[in-house]
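Note: hydrogens, waters and symmetry copies are ignored here, and every other heavy atom, side chains too, is used.
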Amino acid sequence: MSGPGAPRVLGAPGRGAGRCRAAWDIALSAVLLVVAYVGYWIGALFGFLQLSLLTPCPDGVCGTAQAGGVQFTAALVIFLLGVVGTAGTVALQVFRRRSWWAALATLVLSIGGWFAASAIAQAALAS
């Protein structure tokens, strides 16, 4: 039966039809985003511990204020990148596109951002 009163079937041609969502894409995207946020919080914890416990400052003349500013700015920027990456992943899923790559990019930026922030903070401490 076809026509204006016919029931719509998911995936049938016509208005409202779309691509079928791949279950593996949704699951992989979710896992990658969870790992990205866990990595963010672990990086934040290590950044805090780096400044509070592992900072060698025997003379009292090291740049802890600059290093603290670097870590705070990094935390804010990386968190905003995580939010944008999550929104992009969800938007791709809503439009039924592959979204695992956006979640992977969020993970790489989150973990890589903390490594970069740690290196910059160490340089600020040395000055």
Answer with yes or no whether the hydrophobic clustering places [X] together with [Y]; edges join I, L, V, M, F, W, Y residues whose side-chain heavy atoms lie under 4.5 Å apart.
{"X": "Ile111", "Y": "Trp41", "result": "no"}
{"X": "Leu76", "Y": "Phe79", "result": "no"}
{"X": "Phe115", "Y": "Val35", "result": "yes"}
{"X": "Ile42", "Y": "Phe48", "result": "yes"}
{"X": "Leu32", "Y": "Trp24", "result": "yes"}

Sub-4.5 Å side-chain heavy-atom contact between [X] and [Y]:
{"X": "Ser99", "Y": "Asp25", "result": "yes"}
{"X": "Trp114", "Y": "Phe46", "result": "no"}
{"X": "Leu109", "Y": "Ile78", "result": "no"}
{"X": "Trp100", "Y": "Arg98", "result": "yes"}
{"X": "Leu33", "Y": "Thr106", "result": "yes"}

Nearest heavy atoms of Gln71 and Ala117, plus distance in Å: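 Looks like OE1-CB, 4.0 Å.
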Which atoms form the tightest heavy-atom contact between Ser29 and Ala103, and what is the distance? O-CB, 3.6 Å
Rounded distance (nearest 0.5 Å) linking atom CG of Leu28 with atom CG of Leu104: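 Reported to 0.5 Å precision, the distance equals 8.0 Å.
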Euclidean distance, Leu107 CG relative to Tyr40 OH, rounded to 0.5 Å: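 Result: 15.0 Å between the selected atoms.
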Counting N and O atoms only, with roles assigned by atom type, does the side chain of Ser110 sit under 3.5 Å from a partner on the main chain of Ala36, one being a donor and the other an acceptor? yes
Does the side chain of Thr86 pick up a donor-acceptor pair with the side chain of Tyr37 at under 3.5 Å?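 Per modelled atom types, Thr86 and Tyr37 side chains form a pair under 3.5 Å.
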